[in-house]
Amino acid sequence: MRILITGGAGFIGSNVADAFVGSAHEVLVVDDLSSGKEENVPKAARLERRDIRDPGLGAVVAAFRPDVLCHHAAQIDVRKSVADPGFDAEVNVVATLRLLEHCRGAGTRRVLFASTGGAIYGEQDFFPANEAHPERPVSPYGCAKLAVERYLHYYAVQYGFRAACLRYANVYGPRQNAHGEAGVVAIFANRLLSGETPVINGDGEQTRDFVFVGDVVRANVLALEHDLVGAYNVGTGVETSVNRLYDAIVRAAGLSTQATHAPGKPGEQLRSCLDSALLERKTGFRPKTTLDDGIRRTVEYFRKASR
Ligand code: NAD
């Protein structure tokens, strides 16, 4: 199949691109390299360096005629979305809609959309949250992801699109950007390995559901194989505090550095954890990588990258 992966030079998108190229699909990556890197794109894929807001994208999509759109390009920073909701919506909503229109024109009907669990459910009523949990986004980023899910439903009804919205938990692993605001595992690992002392915001007892990127890749592959439609959580169902996460990273790095604490960030979610039972029922998906194993592989990656 011909698969268009937006954001395919980034952390998750490039790992997904590796898997699709490995299954002999023809892959076109569209990425403006604002945070992604050319070296992440698999050799067997073609890279079109372009902002998804660029009007010229229509001609690129028309020429490639993708069977599948795998949409990972996004403004990914929750705090930036709060500071500039208009910019967040330009990329995450408006450019995404233009892209869907280009795909519609090119005959594309299958979509894999990188959505989010934590930011869509907001502060949870129960743990772990399944897909029936109320959707109460508390950031422009979460609103934008939910809006695209709704638009994809419209595209399904109106034009017969078949879209799987994969609501990721907190994804971590090799190639995550260690210099952004998101990606606590990458940030901690990189700082520790550079001899710096990481800073934990607040008391560190806030929790997240950390899922290894290899498991997220498998969720994408299975969603395509099983022709999934609708919203599916992709997480581990395990809540891990930032303090516990920090300890695991320090151990994997063979260090004993104590973190410093800074005041908590206002508006930061306290707890988040996703139930992926629906995805398991439909596809047999189960996260295979334990936190300690995933952290070990991630620290190893950052150690090699820093040499
Ligand atoms: P990332 O920053 O590594 O990847 C995003 C990629 O998109 C980058 O390569 C970047 O250069 C590219 N990009 C950004 N804006 C673009 C634009 N306007 N035009 C073209 N390319 C653009 O981030 P990631 O963590 O790999 O996230 C991938 C997707 O998964 C995003 O849609 C994100 O919202 C979603 N997601 C990530 C997580 C997580 O924990 N990392 C959780 C939930 C959802």
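When a ligand or atom number is given, it counts from 1 through the structure's own listing order. Just so it is clear, the values below take in all heavy atoms, side chains as well, and ignore hydrogens, waters and symmetry mates.
Under a 3.5 Å cut-off, the side chain of Thr283 and the backbone N or O of Phe285 do form a donor-acceptor pair.
Closer than 4.0 angstrom to ligand 1 sit non-hydrogen atoms from Gly7, Ala9, Gly10, Phe11, Ile12, Asp31, Asp32, Leu33, Ser34, Ser35, Gly36, Arg50, Asp51, Ile52, His72, Ala73, Ala74, Ile76, Val91, Ala114, Ser115, Thr116, Tyr141, Lys145, Tyr168, Ala169, Asn170, Val171.
Counted by atom type alone, Ser35 and Asn177 present zero donor-acceptor pairs between their side chains at under 3.5 Å. Counting only N and O atoms by type, the side chains of Asn243 and Ser241 include no donor and acceptor under 3.5 Å apart. Defined by atom type and a distance below 3.5 Å, a donor-acceptor pair is present between the side-chain atoms of Arg167 and Tyr121.
Hydrophobic cluster membership for Tyr141: Val78 (Ile, Leu, Val, Met, Phe, Trp, Tyr linked by side-chain heavy atoms under 4.5 Å, directly or transitively).
Seen from the ring of Phe161, Arg109 does not count as a face-on cation partner, given the 6.0 Å and 45° thresholds.
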